[in-house]
Amino acid sequence: MGTDQRRMIFMLAIAAAVVLAIIGVLYLAGDFIPSGKHAKHAILAFALAAGALVVGNFNRPGAAARI
């Protein structure tokens with residue numbers, strides 16, 4: 001995988017984490033869904049955001065060892 005692809009995956013993973021964190025906050029606030037708060041959905045959104053950050057961490061540009 002080239003450095004351009006790593007950089008693209010890194011940036012998309014960070015963007016996905018930010019979007020998912022915002023969605024989690026909106027779920028907790030109850031403004032996202034008209035029926036009220038959904039704590040389980042918020043936890044899922046935060047877990048997915050953390051997963052996206054892990055993917056981003058493994059795809060940092062320059063983090064891979066050259067073999």
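Keep in mind that the numbers below use all heavy atoms, side chains included, and drop hydrogens, waters and symmetry copies.
To the nearest 0.5 Å, atoms CE (Met8) and CG (Asn59) are separated by 12.5 Å.
No path of Ile, Leu, Val, Met, Phe, Trp and Tyr side chains, each step under 4.5 Å between heavy atoms, connects Val54 with Leu20, placing them in separate hydrophobic clusters. Cluster membership for Leu28 and Val25, using ILVMFWY side-chain heavy atoms within less than 4.5 angstrom, is shared.
Scanning for side chain to side chain contact (heavy atoms under 4.5 Å, CB included) contacts around Ile14 gives Phe10, Leu53, with sequence neighbours left out.
Residue Gly24 comes nearest to Phe46 through the heavy atom pair C-CZ, 3.6 Å, listed as atom of the first residue, atom of the second, then distance. Taking every heavy atom of both residues into account, Ala13 and Ala52 meet most closely at CB-O, 3.3 Å.
At distances below 3.5 Å, at least one donor-acceptor pair connects side-chain atoms of Arg60 with backbone N or O atoms of Asn57.
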